[in-house]
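Working notes, structure below.
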Amino acid sequence: MENQTLEGDTLLLEGLKVTPQFSIPAFILLLLIYFFIMVSNIGLVVLISTERSLHQPMYLLFCNMSINDAFGASAIIPPLLSDIFTPISERYVGYIHCAFQAFCAHFYASATHTVLMIMAFDRYVAICNPLHYATIMTHRMVLGLSVWAWTISFLLVVILIGLSVRLSRCRMVILNPFCDNASLFKLSCESVLINNIYGLGYTVVLLGSSLGSVTLTYLRIALVCLRSKNKTLNRKALQTCATHLAVYVIMFVSGSIIIVLHRYPHLSDHRKLASILFHVVPPAMNTVIYGLQIKAVRQKIFIMFTRNTTTGGK
């Protein structure tokens with residue numbers, strides 16, 4: 001791949017490396033996973049939007065997560081599917097398209113952190129300040145938190161990708177399954193010191209604020225539950241918090257594995273696989289965790305399926 005000579009803004013993308021005998025099984029598996037991600041996430045958003053009983057801050061904030069999961073999966077999985085049956089030497093991609101995919105990939109990752117932060121704040125208010133929950137978590141507050149989560153992520157990623165796009169290019173090969181920020185600035189022979197400094201700061205700020213806020217939130221919630229003798233309240237708090245925490249742990253571990261593997265060049269194939277799984281596992285698991293764990297959502301899904309089955313039987 002390194003010996004390819006390309007002109008203009010055309011790049012050669014490594015894509016998903018699959019042997020010919022596993023091409024069809026890999027395609028079918030990825031397609032089924034993508035179909036499940038889209039149907040489950042969009043279906044959950046539609047369910048929450050149409051059922052007035054679910055128009056509560058916790059569920060409305062979760063719509064942000066479902067929309068982001070569908071967005072993140074759509075930015076990565078369809079291009080991977082189209083590359084499976086294309087020879088590696090013919091996987092061309094335009095530079096602008098590559099930069100846009102890199103933006104989408106990092107925007108998805110950043111928004112995942114910020115959305116989980118505002119969801120943690122909602123749980124904190126609900127459990128630690130229940131008497132004022134309705135006056136604090138109004139629809140206006142929910143909208144404001146959602147706009148904040150998306151805007152902060154957008155601005156951080158625009159700067160991140162902008163610093164890479166400004167660089168001149170002396171290479172034309174992307175040694176990655178899809179385009180990301182590291183792939184973009186590695187195309188340049190210029191100094192990337194600014195990119196590395198901002199990238200490090202971006203990662204520290206995002207992960208630090210995310211992990212710090214979630215940790216402090218759950219420490220406060222744990223203290224409130226330990227002091228409370230209301231078993232019903234504690235059980236409800238444990239259920240909703242365990243759901244949110246499970247989603248956060250899956251996302252955090254998936255992202256951390258990629259960061260750690262960057263330190264070991266000889267494990268580049270493992271890092272590439274981990275980067276794909278980051279856009280596959282959390283989006284597929286989040287709706288399952290929320291849909292099956294939260295009683296109100298589970299009941300509505302059961303009622304809808306029962307209604308449809310009864311109608312179909314008639």
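No experiment lies behind these values; they were computed from the predicted model shown. These numbers come from the heavy atoms of this one structure, side chains and all, not from hydrogens, waters or symmetry mates. Position 1 is the first residue of the sequence, and the numbers go up from there.
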Give me the atom names and distance for the closest heavy-atom approach of [X] to [Y].
X	Y	value
C179	Q101	N-OE1, 3.0 Å
T50	H55	N-NE2, 4.3 Å
S74	Y34	OG-OH, 2.9 Å
S275	I258	CA-CD1, 3.5 Å

Quick check: does any side chain N or O of [X] sit under 3.5 Å from a backbone N or O of [Y], one acting as donor and the other as acceptor?
X	Y	answer
R169	L187	no
S153	A111	yes
T151	W148	no
D69	N41	no
S66	C63	no
R123	A120	no
N129	V125	no
T138	A134	no

Is it the case that over 12 heavy atoms from other parts of the model lie below 6.0 angstrom from the [atom1] atom of [X]?
X	atom1	result
I96	CD1	no
F154	CZ	no
Y133	OH	yes

Flag side-chain contact, heavy atom, 4.5 Å: [X] against [Y]:
X	Y	result
I174	E14	no
T114	N64	no
Y248	M119	no
L277	S254	no
M117	T217	no
L13	Y92	no
L11	V173	no
F103	V158	yes

Between [X] and [Y], a side-chain donor and acceptor under 3.5 Å:
X	Y	value
T287	S40	yes
S164	N181	yes
S183	D180	yes
N68	W150	no

Could you state whether [X] and [Y] fall into the same hydrophobic cluster, counting links through intermediate Ile, Leu, Val, Met, Phe, Trp or Tyr residues with side-chain heavy atoms under 4.5 angstrom apart?
X	Y	value
L116	V249	yes
F107	F178	no
V247	Y218	yes
F185	Y202	no
I136	L216	no

**Asked** Which class fits the ring pair F85 and F27: parallel under 30°, tilted 30 to 60°, perpendicular over 60°?
**Response**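 Tilted.
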
**Item:** Aromatic ring pairing Y108/H279, orientation class (parallel under 30°, perpendicular over 60°, tilted between)
**Value:**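 Correct class here is tilted.
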
**Asked** Is it true that the NZ or CZ of R220 lies under 6.0 Å from the centre of Y124's six-membered ring and within 45 degrees of the ring axis?
**Response**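 Judged by the rule (NZ or CZ under 6.0 Å from the ring centre, within 45° of its axis), R220 is not positioned above Y124.
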
